[in-house]
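Counting convention: from 1, in listed order, for ligands and their atoms alike.
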Amino acid sequence: MPIRETVELLAQAASALQTPDNLRGLREREWSALRFLARANKFSRSPTALARYLGTTPATATQVIKTLEDKGYLARKPSPRDKRAVLLCVTTQGERLLLQHDPINGAVHAVATLIEEDRIQLRNALNSVLSRLESPYRQVNAGVCRGCFFLNKGAASTGSVKPGSTKLGSIRSGSIKVLTEAEFRCRLHRAPIAAHETELLCTSFERAGEE
Ligand code: SF4
């Protein structure tokens with residue numbers, strides 16, 4: 001089997017994905033942070049989670065955040081889950097920058113030319129290889145929520161509807177249980193997860209097993 005050839009191709013791909021110095025005024029770490037925050041879920045858009053993702057100290061992550069804020073690509077908002085915490089939000093300007101100038105866009109377009117079956121196989125193979133490699137420094141491998149061990153699928157949360165609710169028509173007595181928007185639940189964070197959030201990155205991700 002062409003094992004070495006495959007690894008050499010991986011090395012070539014990694015080299016092709018390297019960000020040129022100071023592209024659009026940002027260093028590689030700042031591009032990486034912006035790209036991550038644009039796809040991170042609500043638990044991972046904090047300065048601490050960003051530091052873990054980048055494998056840096058909190059002080060370095062703070063500097064990265066400040067640079068992105070100063071350029072108008074990032075904004076801090078109070079977290080709806082904890083008023084003392086901040087949520088790092090990519091601004092419209094930041095999203096536009098990623099869409100038009102992210103140095104990995106060329107690779108995104110190249111992968112998009114593959115047929116879907118090949119794209120899934122490539123993703124799964126890379127996931128499998130990366131999960132067996134030690135991350136450099138203290139960097140965590142953030143994963144997509146839908147493949148996480150902690151995701152409780154099909155655990156729809158329920159709410160009650162009072163009698164006479166116009167939404168559900170006439171209910172004669174008592175209350176009934178209805179499905180709410182959250183169809184998933186995170187057992188680690190003990191919080192509901194909306195379907196669209198299962199496609200986002202999380203730094204607390206634990207692989208559930210091969211897909
Ligand atoms: S289920 Fe896993 S990936 Fe999803 S929010 Fe919870 S810890 Fe993060």
- Pair Thr67-Asp70, side-chain donor/acceptor within less than 3.5 Å: no
- Task: Using the rule that two of Ile, Leu, Val, Met, Phe, Trp, Tyr join whenever any of their side-chain heavy atoms come within less than 4.5 Å, decide whether Leu99 and Val108 are in one cluster.
- Result: no
- Message: Please enumerate all residues that pass ring pair (Phe, Tyr, Trp, His ring centres under 6.0 Å) together with Phe36, with sequence neighbours excluded.
- Response: Tyr53
- State yes or no: do Leu98 and Val64 share one hydrophobic cluster built from I, L, V, M, F, W and Y residues joined by side-chain heavy-atom distances below 4.5 Å, directly or via other members? yes
- Student check: side-chain heavy atoms of Leu54 and Thr60 closer than 4.5 Å: no
- Message: If you count every heavy atom of other residues, nucleotides or ligands that lies below 6.0 Å from Asp21 atom CG, does the total exceed 12?
- Response: no
- Message: So, with waters excluded, how many protein N/O/S atoms does atom 4 (Fe) of ligand 1 have closer than 2.8 Å?
- Response: 1
